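The shown structure was predicted, so the numbers you read here are calculated from the model rather than taken from an experiment. Basis for what follows: all heavy atoms, side chains included, without hydrogens, waters or symmetry-related copies. Each chain gets a letter, A, B and so on, in the order its sequence line appears, and its residues count up from 1.
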Protein chains: 2
Amino acid sequence: MVAAALDLVVSEGPSALTMRRLAGQLGVTTTTIYWHVGSRDELITEVVRLQSILQATRKVTARTPRTRVMAAARHIWDAALENRAITSLAHQTGTTSILELPLEEALLRELHAAGLSPARADDALRAILATVGGFLLNALRDESSIPPEQRRPSTELPRLFDKSVQAVIDAFLSSPTRSGES
Amino acid sequence: MVAAALDLVVSEGPSALTMRRLAGQLGVTTTTIYWHVGSRDELITEVVRLQSILQATRKVTARTPRTRVMAAARHIWDAALENRAITSLAHQTGTTSILELPLEEALLRELHAAGLSPARADDALRAILATVGGFLLNALRDESSIPPEQRRPSTELPRLFDKSVQAVIDAFLSSPTRSGES
DNA sequence: ACCTGAACACCGTTCAAGT
DNA sequence: ACCTGAACACCGTTCAAGT
């Protein structure tokens with residue numbers, strides 16, 4: 001049933017996931033869904049959780065700590081862009097952290113492996129995730145709001161993503177201090 | 001009328017802005033609203049545009065180019081946090097760029113003043129905005145989804161914001177090249 | 001244990017009709 | 001020019017009732 005809901009989102013978009021449409025797809029009544037799941041929010045949480053498992057199978061193959069951290073960050077970016085519909089759904093419903101949890105844990109492990117203390121790794125994780133999330137917002141917005149096929153920065157955005165995320169990573173990998181004057 | 005809509009959003013949250021509730025607030029029928037404005041989306045656009053004008057009166061007083069760029073970036077952050085309700089509304093409806101347009105233009109001017117070519121300033125603007133937006137997402141999510149009053153990072157997030165945004169700014173102020181190996 | 005029908009309280013939007 | 005009443009096509013959710 002949550003698999004059917006996931007299919008609905010993937011094939012017809014996040015807004016297609018209504019109780020009535022899902023019920024129609026399954027050949028039952030809307031009230032039937034409420035017997036299996038408590039509410040629409042719970043349904044969405046389950047859909048997002050299912051997708052988070054499906055997309056967690058990415059391996060970091062880079063060799064240096066710095067490139068491994070960057071690779072883990074890019075996995076989050078790649079997974080989100082490969083599954084735009086569910087990413088948008090999670091984003092709209094505030095369940096992004098559930099969707100990315102496995103990939104976030106992988107990133108956190110790389111930060112620990114890079115020699116950061118737990119507290120500093122948490123800070124770095126938070127900062128990197130915020131930066132990645134910001135670029136994701138940018139990338140996903142440009143497809144939904146701009147109707148025609150003339151998307152200016154489709155080739156440039158990944159370059160800006162790399163440069164910016166790398167800068168944030170380096171800031172947290174190197175200095176334990178506050179950002180000072182130049 | 002759009003002023004009344006803005007008041008509604010500020011006092012009762014983004015979800016309170018429905019045609020029926022706004023009509024009730026104004027003492028008219030929902031259909032009356034449709035005479036003045038084409039649709040709910042147009043209404044929201046006007047509300048966001050109004051707020052964008054109200055919050056555009058911030059001056060950059062820092063002295064060096066680097067600190068002036070940072071100050072312009074922090075203005076976007078500050079304005080968003082001071083007007084959480086409309087920021088969330090704009091975010092949900094994909095009108096964030098309208099809301100921040102004046103502040104974005106101010107940031108772009110600082111990037112030009114810092115000596116960047118138009119093309120490089122556009123790249124830097126995009127990257128900085130994405131990073132700021134990511135932290136904003138983070139800050140606004142922690143208040144809506146976490147019900148109780150125990151918000152862990154309310155004092156730490158600004159520190160991470162400063163450090164990360166500064167790192168991105170420095171990356172684009174200094175090097176015109178791709179992000180290379182260390 | 002699992003499913004249905006009917007209903008409640010909402011939405012955005014339209015259209016003919018009033019002044 | 002400006003406003004209303006009634007209606008359409010949707011929502012999420014609940015509750016008594018069926019098997």
Side-chain angles (χ1 to χ4, degrees), chain A residues 1-51 85-96 98-99 141 144-147, chain B residues 1-51 85-96 98-99 141 144-147:
Chain A
M1 189 190 112
V2 319
L6 199 154
D7 284 352
L8 228 183
V9 174
V10 168
S11 59
E12 308 204 45
S15 63
L17 182 51
T18 73
M19 304 307 256
R20 282 171 172 80
R21 289 186 70 159
L22 177 59
Q25 198 92 2
L26 293 170
V28 294
T29 320
T30 55
T31 39
T32 302
I33 300 174
Y34 283 89
W35 193 91
H36 293 278
V37 73
S39 67
R40 183 171 183 265
D41 279 352
E42 277 188 35
L43 212 211
I44 290 173
T45 299
E46 290 312 312
V47 169
V48 170
R49 200 191 309 277
L50 173 58
Q51 175 63 27
I86 306 98
T87 302
S88 296
L89 177 70
H91 178 260
Q92 289 165 17
T93 56
T95 54
T96 307
I98 297 173
L99 178 61
R141 172 164 44 82
S144 58
S145 65
I146 300 180
Chain B
M1 191 190 115
V2 319
L6 200 154
D7 284 352
L8 228 182
V9 174
V10 169
S11 60
E12 309 204 45
S15 63
L17 182 52
T18 73
M19 304 307 255
R20 281 170 174 81
R21 288 187 70 159
L22 176 59
Q25 198 93 0
L26 293 170
V28 294
T29 323
T30 56
T31 41
T32 302
I33 300 175
Y34 282 90
W35 193 92
H36 293 278
V37 74
S39 66
R40 183 171 182 265
D41 279 352
E42 277 188 34
L43 212 211
I44 290 174
T45 299
E46 289 312 312
V47 169
V48 170
R49 200 189 309 276
L50 174 58
Q51 175 63 28
I86 305 97
T87 302
S88 295
L89 178 69
H91 178 260
Q92 289 166 17
T93 56
T95 55
T96 307
I98 296 173
L99 178 61
R141 172 165 44 82
S144 59
S145 66
I146 299 181

- Query: So do B/Val2 and B/His36 actually touch side chain to side chain, heavy atoms under 4.5 Å?
  - Reply: no
- Whole-Å C1' distance, C/dC11 and D/dC8: 12 Å
- Query: Separation of A/Arg21 atom CZ from D/dC10 atom P, in whole Å?
  - Reply: 9 Å
- Task: To the nearest 0.5 angstrom, please state how far the CG atom of B/Leu8 sits from the OG atom of B/Ser15.
- Result: 10.0 Å
- Task: Rounded to the nearest angstrom, tell me the gap between atom CD1 in A/Ile33 and atom P in D/dC11.
- Result: 11 Å
- Task: Under 4.0 Å between any heavy atoms, over every strand shown, what does B/Thr32 touch: base, sugar-phosphate, or nothing? Just pick one.
- Result: base
- To the nearest 0.5 Å, how far apart are CD1 in A/Ile86 and CG in A/Leu6? 5.0 Å
- Query: If you check every side-chain atom of A/Trp35, which of D/dC3, C/dC3, C/dC2 has the closest atom?
  - Reply: C/dC2
- Message: Distance check needed: C/dC10 P versus B/Leu17 CG, whole Å only.
- Response: 17 Å
- Message: Expressed as a whole number of angstroms, how long is the span from A/Glu42:CD to D/dG12:P?
- Response: 15 Å
- Give the B/S/- string for nucleotides 13-19 of chain C, one per nucleotide from 5' to 3', where a protein heavy atom under 4.0 Å of the base yields B, of only the sugar-phosphate yields S, and otherwise -. BBB----
- Task: Answer yes or no: is there a donor N or O on one side and an acceptor on the other, between the side chain of B/Thr18 and the main chain of B/Arg21, under 3.5 Å?
- Result: yes
- Message: Both A/Ser15 and B/Thr29 contact DNA chain D. Taking the nearest nucleotide for each, which residue is further toward the 5' end?
- Response: B/Thr29
- If you measure from the C1' atom in D/dA9 to the same atom in C/dC10, how many Å do you get, rounded? 13 Å
- Assess the side chains of B/Thr95 and B/Thr93: does a donor N or O sit below 3.5 Å from an acceptor N or O? yes
- Query: Considering Watson-Crick and G-U wobble pairs with both distances under 3.5 Å, what does D/dA9 pair with?
  - Reply: none
- Message: Check whether A/Thr32 reaches the backbone of A/Val28 with its side chain - one donor and one acceptor, N or O, closer than 3.5 Å.
- Response: no
- Pairwise distance CD(A/Glu12) to CG(A/Leu17) - rounded to 0.5 angstrom: 10.5 Å
- Query: Phosphate oxygens OP1/OP2 of C/dC3: is one of them under 4.0 Å from a side-chain N or O of A/His36?
  - Reply: yes
- Task: Would you mind pulling out the nucleotide paired to C/dA16, Watson-Crick or G-U wobble, both distances under 3.5 Å?
- Result: D/dT4
